Amino acid sequence: MAAQTRRSGLSLAVRKALDDETAGTPAAELALVYAARIDEATHVRLPLDRAMQNLRRACVAHPEMDKMLGALDKVNAALSAVSVAGELGPKLLASLDALLLTPKARSALKDKLPGGDAQPANPLGALRQEQDELKARRERNRAS
């Protein structure tokens with residue numbers, strides 16, 4: 001599918017926000033799908049708006065097309081009302097919350113943990129944190 005090979009806009013931002021630990025998870029894949037669908041809708045919407053502008057200009061020159069333009073305006077309004085971003089935006093936000101990629105989710109996690117310190121939510125993160133602390137202790141010992 002072209003949308004999966006061509007990454008731009010929101011889907012690119014989501015991909016950059018994912019780290020190595022979360023990149024292959026189902027929540028990450030779902031977030032990427034939602035972001036790609038929102039990008040696709042944006043790419044389709046812009047040409048449709050341009051086409052409607054061109055039709056309006058053509059109707060000025062040909063008043064007999066007014067009735068057809070009225071029908072097309074109704075279709076355009078219906079398409080605008082059914083917003084992909086409006087439907088998928090909250091779902092994308094929920095998946096980003098699950099991945100702790102939003103400030104709100106990280107803050108909620110920090111508040112729930114004892115002592116208020118954000119602890120890694122996975123074993124690999126815990127090992128990395130432990131290794132960093134060990135490295136810091138060694139550097140302090142060398143300095144003294």
Side-chain angles (χ1 to χ4, degrees), residues 1-140:
M1 180 178 253
Q4 291 176 345
T5 58
R6 181 192 70 227
R7 291 186 179 92
S8 63
L10 190 57
S11 56
L12 182 63
V14 170
R15 184 162 299 284
K16 285 183 178 181
L18 295 172
D19 59 13
D20 293 337
E21 297 167 17
T22 57
T25 63
E29 294 302 318
L30 188 59
L32 287 169
V33 167
Y34 289 151
R37 295 298 173 263
I38 291 170
D39 283 343
E40 287 173 10
T42 303
H43 293 302
V44 169
R45 185 77 211 156
L46 294 175
L48 179 62
D49 288 341
R50 276 189 236 116
M52 288 302 294
Q53 289 173 354
N54 291 337
L55 280 171
R56 283 189 188 88
R57 283 189 215 114
C59 286
V60 170
H62 303 285
E64 66 275 1
M65 292 180 63
D66 250 1
K67 194 174 193 177
M68 184 171 58
L69 181 63
L72 288 173
D73 275 335
K74 288 179 184 177
V75 170
N76 192 29
L79 288 173
S80 295
V82 181
S83 168
V84 172
E87 290 181 25
L88 293 182
K91 294 177 183 180
L92 174 60
L93 182 60
S95 61
L96 294 175
D97 279 343
L99 292 165
L100 300 177
L101 292 177
T102 63
K104 176 184 169 189
R106 288 190 298 267
S107 174
L109 176 68
K110 186 177 180 180
D111 292 344
K112 287 181 182 178
L113 293 174
D117 293 331
Q119 301 286 327
N122 59 49
L124 185 58
L127 288 174
R128 285 182 180 157
Q129 184 178 14
E130 187 177 319
Q131 184 180 13
D132 290 343
E133 289 172 5
L134 217 97
K135 190 176 183 180
R137 267 191 262 148
R138 286 182 186 147
E139 287 176 8
R140 281 188 299 236

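The shown structure was predicted, so the numbers you read here are calculated from the model rather than taken from an experiment.
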Could you tell me whether the side chain of L32 reaches within less than 4.5 Å of the side chain of L18, counting heavy atoms only?
yes

Quick one: OG1 on T25 to CG on L99, what's the gap to the nearest 0.5 Å?
5.0 Å

Among L10, L88, L93, D39, side chain to side chain contact (heavy atoms under 4.5 Å, CB included) partner for Y34:
L88

Would you mind listing every side chain to side chain donor-acceptor pair (under 3.5 Å) that reaches into residues 89-99, with sequence neighbours excluded?
D97-T102

State, to 0.1 Å, how close A23 and A28 come at their nearest heavy-atom pair, and which atoms those are.
O-CB, 3.6 Å

Testing the basics here: between A31 and L96, what is the closest heavy-atom pair and its distance to 0.1 Å?
CB-CD2, 4.1 Å

Atom CD of E130: over 12 foreign heavy atoms under 6.0 Å:
no

Looking at R137, E139, E133, which one forms a side chain to side chain contact (heavy atoms under 4.5 Å, CB included) with K135?
E139

